[in-house]
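Below: the structure, in structure tokens.
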Amino acid sequence: MDLPAPPTNYPKTLTSPILCRRRPDAGAARRQEAINNCASRRLPRPIVSPPRGPSVRHHSLLQPAPPGPASDRVIARSSAVVAQPPLPPPLLLPEMPSPTIRRLDVASPVPADIDIANSVEPLPIADIAAELGLGPEHYDLYGRYKAKVLLSVLDDLKAQQDGYYVVVGGITPTPLGEGKSTTTVGLCQALGAFLDKKSDKALFNRLCPANKEGKRRFADVMLKRLTKLGISKTDPNELTPDEVRRFARLDIDPESITWRRVMDVNDRFLRKITIGQGPEEKGMVRETGFDISVASEIMAVLALTTSLADMRERLGRMVIGNSKSGEPITADDLGVGGALTVLMKDAIHPTLMQTLEGTPVLVHAGPFANIAHGNSSIVADKIALKLVGKGGFVVTEAGFGADIGTEKFMDIKCRYSGLVPQCAIIVATIRALKMHGGGPDVVAGKPLDHAYVSENVALVEAGCVNLAKHIANTRSYGVNVVVAINKFASDTEAEMNAVRNASMAAGAFDAVVCTHHAHGGKGAVELGLAVQRACESQLEPLKFLYPLESSIKEKIESIAKFYGASGVEYSEQAEKQIEMYTKQGFSNLPICMAKTQYSFSHVPSMKGAPTGFVLPIRDVRASIGAGFIYPLVGTMSTMPGLPTRPCFYEIDVDTATGKVMGLS
């Protein structure tokens, strides 16, 4: 199928948290009634707008699309051969009014992020909640466009099967970032708005909902379709699974569709301060400092907790220091564990929001990806997996490259959650691969060197050693790996083919070119299909990198080998801390390595896939409440500072409209 070329300007994007698709099955009559009520409120107003022009065609346009708007966007295809044959075009659904379907106008070149965000009025979050099958008893509203999803949802849905679990990692990044967040959002919009993943039964239940008495019936027009299919049954409950599939799935050819529808503050001077200088604090002077809030252990506790009771235990056992005899002093020792929990009792509830295309988003927690594990919360993941149900998809982003974020996702987060991912995505860009192949330094705020905006296949191929190492590392966990090639304007077909070929040779399940930043969900349709195939064919159990019973040093050395190191060197301070934590009984905790995100090694300038280096452990610290030991590889700053020309020069408010300007 021939598709028009996509726009070719890809500005820097905003970040994104967990995204999930709606629960596939229709649920009880109450949920269906909530959705119907929601739809009846919104039907009088236009919910779609016309395409930008007659040349726009839709690939895999599905109705109803789970929650949300689909944008008038297309996907750029690569001609490279892949190992897996493509699936036939996705099955299409019958026309049904949905309160959260929206069609977006696409501009070229792509506008600034803030302009894109301001171009769409968010849907009331109650509408999004209704589409997920959440009733008012399941959430607390925070204004019109945000809501806190209550943990009681997990109890109500405990019998519901989980959906597919997908983690998004990436290759070792440039300082500019390679687009994991845009890939996370774009993939979810593709899965949510273009590739409907509801089961046949779930779709059938929506088409033939039960009434207040629990009975189902076919509408008159449905009887005609039954006749066409040669099905003489008139009771929905009598249809066989095959008849349900034939009835519910229309299998429309997309090309045949003619119907048109339309805070945290940075302050480097607070990194090291002196306190206790007041007259009433005489004799208590000491040096300390501030961290940014995401570096707090409380943030890591929030992200790794599994319930309110679990959070209370974790907050209480946070170690704030040791006694002079060497015993750990905890928050409960200070008597503040309960009060901390009271302060956090509302924060434990994930925030429900939405993408521009109306795909549901659960925003929850943001622990540092260096000294903490850099992933969103377990409770949000668990709620999302129940809401989407069997066959649905939950996509979550892991901070920095896969050597940091994905490793911590698997070895820390999945250990505590008990959840098992079916697919891991590695986001790659031609720009970053050229850097790893020997290209000039990439510096934020400075124009890119000519090497990054002109074709150089050899440089790309040389840099693919970094991608191949990430693929091999991620596959070692037993999950299928899909490479998402985040396309930029200057990328050429030959360069993208080189990445695809290198990905497949390294053992990737698939490698797909994506244009989701310019085209939204439609630009990630093929990625969605690849993720679907990867999830459905996943058979291996999750394999951790190390057993918890190993010593602290053994676990550190397993991760160092994972990076490519030939050995580990411990400072005198690190040896002292390891001995202390072992004596205190904390040696059975997982390891959370704090190292640079710009290299597999401890040296940011060592690009590609370095080997034979010795990993230096400067110090070893612990977040006992959160539940991990974190060795410090080099120097880690936990309080960012502003550059010479901060972005606030461009930020202001349009006093006429109240809209924010200049964000990027």
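Remember, it's a predicted structure, so these values are computed and weren't measured experimentally. Numbers here simply count residues along the sequence, with the first being 1.
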Practice problem: Would you tell me whether Asp411 and Tyr477 have side-chain atoms, one donor and one acceptor, within less than 3.5 Å of each other? | Solution: yes
Exercise. Could you check Lys595 against Asn370 for side chain to side chain contact (heavy atoms under 4.5 Å, CB included), going step by step and ending with a plain yes or no?
Key: CA-CA 6 Å; Lys595 78 170 187 72; Asn370 276 325; 5.7 Å; no
Quiz item: How would you list, by chain and number, every residue that makes a side-chain hydrogen bond (donor to acceptor under 3.5 Å, both in side chains) with Gln422, sequence neighbours excluded?
Solution: none
Quiz prompt | Non-hydrogen side-chain atoms of Val620 and Lys576 separated by less than 4.5 Å | solution = no
Quiz item: What residues, two or more places apart in sequence or in another chain, satisfy side-chain hydrogen bond (donor to acceptor under 3.5 Å, both in side chains) together with Arg415?
Solution: none
Practice problem: Might you point out which heavy atoms bring Cys535 and Val166 nearest each other, and give the distance in Å? | Solution: SG-CG2, 3.8 Å
Just distance, no hydrogens or angles: give the donor-acceptor pairs under 3.5 Å from side chains in residues 331-346, sequence neighbours left out.
unit_1 : atom_1 : unit_2 : atom_2 : d
Asp332 : OD1    : Arg312 : NH1    : 3.1
Asp332 : OD1    : Arg312 : NH2    : 3.2
Asp332 : OD2    : Arg312 : NH1    : 3.4
Asp333 : OD2    : Thr330 : N      : 2.7
Asp333 : OD2    : Thr330 : OG1    : 3.2
Thr341 : OG1    : Gly337 : O      : 2.9

Exercise. Check whether more than 12 heavy atoms from other residues, nucleotides or ligands sit under 6.0 Å from atom CD of Gln573, and answer yes or no.
Key: yes
Quiz prompt | Results of ring-ring contact (aromatic ring centres under 6.0 Å, His included) for Tyr165 - residues two or more places apart only | solution = Phe409
Quiz item: Does a donor on one side chain sit under 3.5 Å from an acceptor on the other, for Gln354 and Thr359?
Solution: no
Quiz item: Who pairs with Glu313 by salt bridge (charged side-chain N to carboxylate O under 4.0 Å, His left out), at least two apart in sequence or on another chain?
Solution: none
Self-check item: Partners passing side-chain hydrogen bond (donor to acceptor under 3.5 Å, both in side chains) against Lys555 (at least two apart in sequence or in another chain)
Solution: none
Exercise. Could you tell me which residues satisfy side-chain contact (heavy atoms from CB on, under 4.5 Å) with Thr582, sequence neighbours excluded, listed by chain and number?
Key: Ile552, Ile578, Ser587
Quiz prompt | For the student: nearest non-hydrogen atoms of Ser323 and Ile329, plus distance | solution = N-CG1, 3.7 Å
Quiz item: Taking everything shown except Phe290 itself, do over 12 heavy atoms lie less than 6.0 Å from its CZ?
Solution: no
Atom pairs and distances, side-chain donor-acceptor, residues 140-148, under 3.5 Å, sequence neighbours left out:
unit_1 : atom_1 : unit_2 : atom_2 : d
Lys148 : NZ     : His349 : O      : 3.0
Lys148 : NZ     : Thr351 : OG1    : 3.1

Quiz item: Only one of Lys382, Lys413, His364 clears side chain to side chain donor-acceptor pair (under 3.5 Å) with Ser377; which?
Solution: His364
Exercise. Would you check, one step at a time, whether the test side chain to side chain contact (heavy atoms under 4.5 Å, CB included) holds for Ile651 with Met661?
Key: CA-CA 6 Å; Ile651 300 173; Met661 304 182 298; over 6 Å; no
Quiz item: Just by distance, do the side chain of Thr305 and the backbone of Leu302 share a donor-acceptor pair under 3.5 Å?
Solution: no
Quiz prompt | Pair Ser376, Thr396: side-chain N/O donor-acceptor within cut-off below 3.5 Å | solution = yes
Exercise. Carefully, step by step, assess Thr288 and Arg286 under the rule side chain to side chain contact (heavy atoms under 4.5 Å, CB included).
Key: CA-CA 7 Å; Thr288 183; Arg286 65 183 179 91; 3.7 Å; yes
Exercise. Using side-chain contact (heavy atoms from CB on, under 4.5 Å) as the criterion, list what pairs up with Leu642, not counting sequence neighbours.
Key: Asn266, Pro646, Phe648
Self-check item: salt_bridge(Asp162, Lys390) N-O dist < 4.0 Å
Solution: no
Practice problem: State, yes or no, whether a side-chain contact exists between Tyr139 and Leu352 at a heavy-atom distance under 4.5 Å. | Solution: no
Exercise. Taking all heavy atoms of Thr355 and all of Val185, pick out the closest pair and write down the distance.
Key: CG2-CG1, 4.0 Å
Quiz item: Mind checking what makes ring-ring contact (aromatic ring centres under 6.0 Å, His included) contact with Phe628, not counting sequence neighbours?
Solution: none
Practice problem: Would you check if the side chain of Asp310 reaches a backbone N or O of Thr306 as a donor-acceptor pair within less than 3.5 Å? | Solution: yes
Quiz item: Tell me, do Ile383 and Leu154 make a side-chain contact under 4.5 Å, heavy atoms counted?
Solution: yes
Self-check item: Whether Glu297 side chain and Gly625 backbone form a donor-acceptor pair below 3.5 Å
Solution: yes
Self-check item: Under 3.5 Å donor-acceptor, Lys408 side chain and Gly399 backbone
Solution: no
Quiz item: Are the side chain of Arg618 and the backbone N or O of Leu632 linked by a donor-acceptor pair below 3.5 Å?
Solution: no
Quiz item: Just checking, any donor-acceptor pair under 3.5 angstrom between side chains of Thr182 and His517?
Solution: no
Quiz prompt | Heavy-atom pair of closest approach, residues Ile559 and Glu407 | solution = CD1-OE2, 3.9 Å
Quiz item: Between Lys158 and Asp156, is the closest basic N to carboxylate O distance under 4.0 Å?
Solution: no
Practice problem: Identify the two heavy atoms, one from Ala484 and one from Thr183, that lie closest to each other, and give their separation to 0.1 Å. | Solution: CB-CG2, 3.9 Å
Practice problem: Check the side chains of Gln597 and Asp403 for a donor-acceptor pair under 3.5 angstrom, ignoring hydrogens and angles. | Solution: no
Quiz item: By side-chain hydrogen bond (donor to acceptor under 3.5 Å, both in side chains), which residues pair with Ser417, not counting sequence neighbours?
Solution: none
Quiz item: Who passes side-chain contact (heavy atoms from CB on, under 4.5 Å) against Lys272, sequence neighbours left out?
Solution: Glu287
Exercise. Begin with the C-alpha distance, continue with both residues' side-chain angles, and end with the deciding distance and a verdict on side chain to side chain donor-acceptor pair (under 3.5 Å) for Asn322 and Gln584.
Key: CA-CA 10 Å; Asn322 296 326; Gln584 291 175 340; 3.2 Å; yes
